[in-house]
Amino acid sequence: MGSVVGLEDVNFPTEPKTPTPTMIFPKIEPKLEPLDEFTPQSINPNSNFSYNSGFRNTTPQQQQNATSSQTPSSIEAGVHSEYNRISELFQTAFAQRLQRDGDVEANEDSGCRAIVPVSNDSQVSDIVITRRKYEKRSSELVRVTDLKPEDERYFRDLIRKTRMLYDSLRIFVNLEDENNQHLGSGRQTRARGDLKASQMMREHGLWLNRDKRTVGPIPGVLVGDLFLYRMELCVVGLHGTPQAGIDYLPANQSSNGEPIATSVIASGGYEDDEDAGDVIIYTGQGGQDKNSRQVVHQKLEGGNLALERSMYYGVEVRVIRGFKYVGSSSGKVYVYDGLYRITEFWFDVGKSGFGVYKYKLVRIENQPDMGSAVLRFAESLRTRPLEVRPMGYISLDISRKKENVPVFLFNDIDNERDPACYDYLLKTVFPPYVYQHVGNGSGCECTDGCGNGTNCFCAMKNGGQFAYDTNGILLRGKPVIFECGPHCSCPPTCWNRVSQKGVRNRFEVFRSRETGWGVRSLDLLLAGSFICEYTGVVLTQEQAQIFTMNGDSLIYPSHFAERWTEWGDLSRIDSNYVRPAYPSIPPLDFAMDVSRMRNLACYMSHSSSPNVLVQPVLYDHNSVSFPHLMLFAMENIPPLRELSIDYGMADDCTGKLAICN
DNA sequence: GATCCGTCATAGCG
DNA sequence: CCGCTATGACGGAT
């Protein structure tokens, strides 16, 4: 039997310790070649820059196309002129550098030639948050290293809070716009919540990682983290440009006058990309018309030059993959896949017949599994679990058809099969007296559906507005939420019935060495989306006493940390923001028995930095002291990542939920 | 009905 | 300040 304590220790510091930022520049020492011997090979001995030695990765047919589609300025002439241009570019850059720091010392023993550690007297608190309005991006290139576990937790929490705020703002802007459309503002296009949210956060200095240009990992961002919008990447500082695929420190800001790439987004926007996971053939930028067709040769400038320089100096780049994924609103997600090294680059003939730069990106070893691979793996698990993982499945539905969607039970570690042995409890069982005051007149009378909540009694109970948007995403955590229910006149399709409809995603209870049993999803869980109810049998005071005397463990809902307060909290943007206190409910003082009947929720692990929140909800009765405990995602949770709740436990209180291990 | 394409409103940055 | 960009949303066509 493992301990229930989940992902992380309970306590983490509010103040970060100082990690050591490692300066990449200014001290660099690439070998300087005499300018008259300047050749592509001397620019970079590692590169296979193929200037006139034929075409790489190009079929004869493509070459034919290339030459035939392009006369009289043949592809070869194009390459020649491009090469001349590059030579000029480098001559200028090297001349400038010679003039400036002709006496830099070589650093022979460093694995990465460009990287020379310097003093660690920078303040880490400056690394992350920018408080001034519209501050320009910094030109200081750093790599953050030596993060201690408490630092990791601090930055993780910072990223988490930042993303929560971004999502809240985005949803609010979209909803407000939708309401305005209802009123007939006459505007044709919808507001871009994704852009508005980032703008508001920028105005309040809430963008992260803007006062340093960070090479390598962004503190607090894990490999596999999911983003739904390009601007979200800008806000956390993972990738700084809203549209361009290559982010780099431009030459004029660089201490040695050369650009350095920091991150790339591979989303298949270029026909010549090849993506084999660990190895990417990445096409440089430029040369496309507005229809994304390659119409001229690419040039070795901007991001293309930066990638080449990053290769030369052995500087790693972050790779974010964007790809289609049903379930996200735009049909696309961005996944942080970790660090890659550029090992080769060359000028090639693209499918269009025009010259493109190509870069071979190789994933650095010993990193967590690629998020994009996990997504694909989860996809295959959803459709054919036994084929993909023939061993380990104990049950393909522990709910025995009670849930809309089967709940898997997986254990490839030991022989435990406990969760298969319990009665599956779909909904919490309340004592009969909570239903006393239910009856006619307790629900709304919106026969045609509740619309946007105008004149809906249930909306009024929530303070005039529904708690969800039209996609069923939780707008803001509240002391309690009133959903429409069996005593309402509205049809079951009413969108104020999100949590009572039960599980909609594919979940799996799994055995883990760290957390005993755990729960993970095979679907992407969007931030704010409903996960499941935390079910149990609610006990009367007397029953609870007997249970306690017998030594049985109970769930006390009042012990859950009130994480709902964090969801939709706009206080960092809106100084007038007040945390929702309405509708107010008395402290929850009931106990729940899960010793015989339970659902998947009680297998979720504890974390003090959880990705799931507990939100009280009422729909089938009006006793505010006995709400359903509904679980919602606090962030975009990638498939197969363990779900965690803040049980409000201290480190040494693992016994409380040991029954579920 | 899913998917593709054109169009438009965008915002950061070099 | 201007032009570029591996965006995102929508509406119409296939």
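Below, each value reflects all heavy atoms present in this structure, side chains not excepted, and no hydrogens, waters or symmetry copies. A note on names: the letters A, B, ... follow the listed sequences, proteins ahead of strands, and every chain is numbered from 1.
- Contact check, A:R230 against C:dT5: no side-chain N or O comes under 4.0 Å of OP1 or OP2.
- Phosphate contact (OP1/OP2 of B:dC13, side-chain N/O of A:R210, threshold under 4.0 Å): present.
- Annotation: side chain to side chain contact (heavy atoms under 4.5 Å, CB included) contacts of A:P385 (sequence neighbours excluded): A:Y393, A:L396, A:F408.
- Between A:Q285 and the phosphate of C:dA6, there is a side-chain N or O to OP1/OP2 separation shorter than 4.0 Å.
- Here the P atom of nucleotide C:dA6 and the CD1 atom of A:I281 are 19 Å apart, to the nearest Å.
- Using a 4.0 Å cut-off, some side-chain N or O of A:Y229 falls inside it from OP1 or OP2 of C:dA9.
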Heteroatom pairs (N/O) under 3.5 angstrom, protein to nucleotides 4-7 of chain B:
unit_1: B:dC4; atom_1: OP2; unit_2: A:K324; atom_2: NZ; d: 3.2

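- Proximity of A:Y248 to the phosphate of B:dG12: no side-chain N or O atom is located under 4.0 Å from OP1 or OP2.
- Across B:dA11, C:dA6, B:dC13, the shortest atom-to-atom separation from the side chain of A:A244 is found for C:dA6.
- Within the nucleic acid shown, A:G286 comes within 4.0 Å of sugar-phosphate atoms alone, with no base atom in reach, counting heavy atoms only.
- Applying the ring-ring contact (aromatic ring centres under 6.0 Å, His included) test to A:Y334 and every residue at least two apart in sequence or in another chain returns nothing.
- Other residues, nucleotides and ligands contribute at most 12 non-hydrogen atoms within 6.0 Å of the NZ atom of A:K324.
- Under the 3.5 Å distance criterion, with hydrogens and angles disregarded, no donor-acceptor pair is assigned to the side chains of A:E308 and A:Y359.
- With the nearest nucleotide of DNA chain B identified for both A:R192 and A:R213, A:R192 has the one nearer the 5' end.
- Put simply, CG on A:L195 is 18 Å from P on B:dC8, counting in whole angstrom units.
- Applying the 4.0 Å criterion to OP1 and OP2 of B:dA11, one finds that A:Q199 has a side-chain N or O inside that range.
- You'll find that the side chain of A:R202 is closest to B:dC13, out of C:dT7, B:dC13, B:dT10.
- Using a 4.0 Å heavy-atom cutoff across all strands shown, A:D273 reaches at least one base atom of the nucleic acid.
- Side chain of A:Q243, nearest nucleotide from B:dG12, B:dT10, B:dG14: B:dT10.
- Within the nucleic acid shown, A:S198 has no heavy atom closer than 4.0 Å to any nucleic acid atom.
- At C:dG8, none of the side-chain N or O atoms of A:R170 fall inside 4.0 Å of OP1 or OP2 (strictly under the cut-off).
- Here the side chain of A:Y248 pairs no donor or acceptor atom with the backbone of A:V264 at under 3.5 angstrom.
- Regarding A:D177, its CG atom lies at a distance of 18 Å from the P atom of C:dG8, rounded to whole Å.
- One can place NZ of A:K332 at 9 Å from C1' of C:dG8, the figure rounded to the nearest angstrom.
- Side-chain atoms of A:S254 and A:N256 form a donor-acceptor pair, as typed in the model, at a separation below 3.5 Å.
- Taking both residues in full, the closest heavy atoms of A:I320 and A:H239 are given as CD1-CB, 3.9 Å, listed atom of the first, atom of the second, then distance.
- Whole-Å rounding puts the A:K196 NZ to C:dG8 C1' distance at 15 Å.
- The CE atom of A:M231 sits 19 Å away from the P atom of B:dA9 (whole-angstrom rounding).
- Of the listed residues (A:V315, A:T214, A:I260), just one forms a side chain to side chain contact (heavy atoms under 4.5 Å, CB included) with A:L141, and that residue is A:I260.
- The side chain to side chain contact (heavy atoms under 4.5 Å, CB included) check on A:N174 picks up A:R170, with sequence neighbours excluded.
- Here A:G322 lies out of heavy-atom contact (under 4.0 Å) with every strand.
- Rounded to whole angstrom, the span from the CG atom of A:D194 across to the P atom of C:dC10 amounts to 11 Å.
- To the nearest angstrom, P of C:dA9 lies 11 Å from CG of A:N471.
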- Query: According to the Watson-Crick and G-U wobble definition with distances under 3.5 Å, which dot-bracket string, read 5' to 3', encodes DNA chain C, using [ ] for crossing pairs and | for pairs with another strand?
  - Reply: .||||.||||||||
Using a 3.5 Å cut-off and no angle test, enumerate the donor-acceptor pairs between side-chain atoms of residues 370-379 of chain A and protein atoms at least two apart in sequence or in another chain.
unit_1: A:S372; atom_1: OG; unit_2: A:D337; atom_2: OD2; d: 2.6
unit_1: A:E379; atom_1: OE1; unit_2: A:R382; atom_2: NH2; d: 3.2
unit_1: A:E379; atom_1: OE2; unit_2: A:R382; atom_2: NH2; d: 2.9

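- Looking at A:N636, its side chain does come within 3.5 Å of a backbone N or O of A:A527 through a donor-acceptor pair.
- Here A:Q294 lies out of heavy-atom contact (under 4.0 Å) with every strand.
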